[in-house]
Amino acid sequence: MGLWKVWSFTSRFNSSKRTNTILQHLTMSKHTDAAAEVLLERKGCAGVITLNRPKFLNALNLSMIQQIYPQLKKWEQDPETFLIIMKGAGEKAFCAGGDIRVISENTKTNPKMVQDFFREEYMLNNAIDSCLKPYIALIHGITMGGGVGLSVHGQFRVATEKSLFAMPETAIGLFPDVGGGYFLPRLQGKLGYFLALTGFRLKGRDVYTAGIATHFVDSEKLGMLEDDLLALNSPSKENIADVLETYHTKSKIDQDKSFILEEHMDKINSWFSANTVEEIIENLQQDGSSFALEQLKVPPVRDNAAVNNFVCVF
């Protein structure tokens, strides 16, 4: 075999070996990414956080929080990162809340983990609220409890017709946490009281109308919106807002539909102006309307004192 043929064979062998090594690496990376509970990626001008537990409706656990928080702070200081996007994997949920099953299982066996979860979750909520970079949450699908904490404190919140918002904490004996005492009383009238104490669910454009979301976009355009945001060149907050507003303005889904609670808002404002849960219940009983009585069917809270403290804080 001539020298040239030996070199050619060796070159092809090494090239094939390198190709196989690269393919193995890519396969491993793909497997790792697919298995990761949260994806942290730098794309275009943005840092993109993807909650990656679609089978569990992207429920939030301590490990996810401990990955998101330092990366958020890093991107906040990075001069090449101009915005941060938070989204959920799959079509069903942005984030259905904290992983209640894990928290419940560890309440007695590992109370420190439970304490760490809530402390670090609230630290992350605060970091989102104080983030120096524009923060955009794509709240497509179920957005409840802890998922609300990951979105509502951000500068921009984009809902779709498939968004489903609720604060169900009182039904499990917890006060409306993740900053609920801050953002809920800032909604129109006594709507925040009502959402907090009944766990009432808002869907689609109602999430925007209520003031939970800042923009509303057709779900089929969500991917295009994200691409346009990532393609921005050193964008300012105003540039980002312009892109969001363009998509919001073009959305026609349920544009003329009345807010689901519009006909009840006067009564909600009256019923939930009381200073205690007991007084609110009395107001609902005295009203006696089908809507009022429906609210009384909501599972009772386990600690009225805790919720009454919440009502007083409001």
Side-chain angles (χ1 to χ4, degrees), residues 97 139 142-145 147-149 151-153 156-217 248-249 251-314:
I139 51 176
I142 298 170
T143 304
M144 297 185 179
V148 176
S151 54
V152 76
H153 302 297
F156 301 108
R157 290 93 62 190
V158 182
T160 73
E161 74 277 9
K162 297 181 180 181
S163 294
L164 176 61
F165 165 92
M167 291 293 287
E169 286 87 344
T170 55
I172 59 171
L174 181 66
F175 61 89
D177 66 338
V178 298
Y182 178 80
F183 77 85
L184 287 169
R186 285 165 172 76
L187 301 181
Q188 55 178 297
K190 296 299 179 179
L191 178 60
Y193 274 104
F194 175 76
L195 296 176
L197 297 176
T198 66
F200 189 88
R201 299 182 175 191
L202 296 175
K203 301 177 182 179
R205 193 176 282 269
D206 286 334
V207 179
Y208 164 75
T209 306
I212 304 299
T214 59
H215 297 81
F216 182 88
V217 174
H248 172 78
T249 303
S251 177
K252 305 301 179 185
I253 294 179
D254 293 333
Q255 189 178 43
D256 299 321
K257 184 179 178 181
S258 298
F259 181 47
I260 189 171
L261 293 171
E262 184 175 330
E263 64 178 297
H264 303 294
M265 279 309 302
D266 286 343
K267 287 195 172 184
I268 287 174
N269 290 337
S270 176
W271 297 332
F272 288 82
S273 292
N275 293 320
T276 67
V277 172
E278 288 80 4
E279 290 177 20
I280 292 173
I281 291 173
E282 186 178 345
N283 289 341
L284 293 169
Q285 291 172 334
Q286 288 181 352
D287 183 276
S289 66
S290 58
F291 181 75
L293 296 178
E294 191 67 28
Q295 308 319 309
L296 292 172
K297 296 178 183 178
V298 174
V301 298
R302 299 176 188 172
D303 186 356
N304 268 11
V307 179
N308 277 333
N309 288 337
F310 168 75
V311 171
C312 291
V313 170
F314 261 35

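Reckoned from all heavy atoms, side chains included, excluding hydrogens, waters and symmetry mates. As the structure is a prediction and not an experimental result, all values here were calculated from the model.
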Task: Residue pairs passing the salt bridge (Lys or Arg N to Asp or Glu O under 4.0 Å) test where at least one lies in residues 283-293, sequence neighbours excluded - done: Lys267-Asp287
Open item on the list: I need the full list of salt bridge (Lys or Arg N to Asp or Glu O under 4.0 Å) pairs touching residues 181-209, with sequence neighbours left out, sorted by first then second residue.
Closed with: none
Open item on the list: Main chain of Ala196, side chain of Thr170: is a donor-acceptor contact present, judged purely on distance under 3.5 Å?
Closed with: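 Checking the backbone N and O of Ala196 against the side chain of Thr170, a donor-acceptor pair under 3.5 Å is found.
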TODO: Could you check Ile139 against Arg157 for side chain to side chain contact (heavy atoms under 4.5 Å, CB included), going step by step and ending with a plain yes or no?
DONE: CA-CA 7 Å; Ile139 51 176; Arg157 290 93 62 190; 4.2 Å; yes
Quick one: side chain to side chain donor-acceptor pair (under 3.5 Å) partners of [X], sequence neighbours excluded?
{"X": "Gln295", "value": "none"}
{"X": "Glu282", "value": "Gln286"}
{"X": "Thr160", "value": "His140"}

Side-chain polar contacts of residues 254-266 - donor-acceptor pairs under 3.5 angstrom, sequence neighbours left out - could you list them?
none

Open item on the list: Nearest 0.5 Å, please: how far is CG in Leu284 from CG in Leu293?
Closed with: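 So the CG of Leu293 and the CG of Leu284 are separated by 8.0 Å.
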TODO: Under the ring-ring contact (aromatic ring centres under 6.0 Å, His included) rule, collect the residues that match up with Phe272, sequence neighbours excluded.
DONE: Phe194
Task: Residue list, ring-ring contact (aromatic ring centres under 6.0 Å, His included) with Tyr208, at least two apart or on another chain - done: His248
TODO: Hey, can you tell me if His215 and Phe156 have their rings parallel, tilted or perpendicular (30° and 60° cut-offs)?
DONE: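 Aromatic pair His215/Phe156 classed tilted.
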